[in-house]
Each structure stands twice: as structure tokens, then as C-alpha cells.
Amino acid sequence: MISSATLWEEALLTYANARKLVVAIIGATIILVGIALLVLPGPGTVVIVLGLALLGTEFVWARHLLQRVKEEGNNAARGLWSMLWGKKE
């Protein structure tokens, strides 16, 4: 006979795997829509970042990629700010 603790652990593992699969499918779909929006009218980069944020809830690689995108975005914003309002020499 299987103990109730073993059944509970299996149910939790199944739930975790199902959640990871659902997040992966939805996140990948959002990223693909974002890529399409890069050439179609719409906020493609915002949608891609949202897809990465969703994937980042379950996958470490997506968290790292999202962090890198944030850093590069901040660097680009700082460069644009200094180019527009920085000192002119």
C-alpha cells in the first residue's frame, strides 16, 4: 500500500511540472507574438519583455536574460539622456 505522504509528494510534483509546462507554453507564445509585433504595428519589445518576465517565474535562464535586457535598456536610456541633455563640448 502507498502511504498518503507519497501520494501527496507525487501530486505536488505533478502540479509543479504542469505549472512549469503551462508557463513555458504561454511565455513562449507571448514572446513569439512580441517578435511578430517587431515587424507589425504594436509594442513588440514590451511584449517580449512581458513574456520573459512570465518565463522568469519558473526558469532561471529567463530571469538572467530578463536582467540582462533591463541592464541594456538602462544603459541605452542613459546614453540617450546624455546625448540629448548632456554637456556639449
Output a table of donor-acceptor pairs, distance under 3.5 Å, between side-chain atoms of residues 34-42 and any protein atom two or more places apart or on a different chain; print 'none' if there are none.
none

Exercise answer: donor-acceptor pairs, residues 16-30 side-chain atoms, under 3.5 Å, sequence neighbours excluded:
{"residue": "Asn17", "atom": "ND2", "partner": "Leu13", "partner atom": "O", "Å": "3.3"}
{"residue": "Arg19", "atom": "NE", "partner": "Glu58", "partner atom": "OE2", "Å": "2.5"}
{"residue": "Arg19", "atom": "NH2", "partner": "Glu58", "partner atom": "OE2", "Å": "3.4"}
{"residue": "Thr29", "atom": "OG1", "partner": "Ile25", "partner atom": "O", "Å": "2.7"}

Roughly how far, to the nearest 0.5 Å, is the [atom2] atom of [Y] from the [atom1] atom of [X]?
X	Y	atom1	atom2	answer
Leu52	Trp61	CG	CH2	6.5 Å
Leu66	Thr57	CG	OG1	11.0 Å
Asn74	Glu72	CG	CD	9.5 Å

With sequence neighbours left out, what residues match Leu80 under side-chain contact (heavy atoms from CB on, under 4.5 Å)?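 For Leu80 the side-chain contact (heavy atoms from CB on, under 4.5 Å) partners, ignoring immediate neighbours, are Met83, Leu84.
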Salt bridge (charged side-chain N to carboxylate O under 4.0 Å, His left out): which pairs involve residues 33-53, sequence neighbours left out?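 Not a single pair qualifies under salt bridge (charged side-chain N to carboxylate O under 4.0 Å, His left out).
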Scan residues 45-57 for pairs that pass salt bridge (charged side-chain N to carboxylate O under 4.0 Å, His left out), counting only residues two or more places apart or in two chains.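 Non-adjacent pairs meeting salt bridge (charged side-chain N to carboxylate O under 4.0 Å, His left out): zero.
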Answer yes if Val60 and Leu54 sit in the same cluster of Ile, Leu, Val, Met, Phe, Trp and Tyr residues linked by side chain heavy atoms under 4.5 Å apart, and no otherwise.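 Result: no, two separate clusters.
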Nearest atoms (heavy-atom pairs only) where Gly56 meets Ala62: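 Gly56 and Ala62 have their closest heavy atoms at N-CB, 3.6 Å.
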Other than Leu50, which residues form its hydrophobic cluster under the rule that side-chain heavy atoms must be closer than 4.5 Å?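 Result for Leu50 is Val46.
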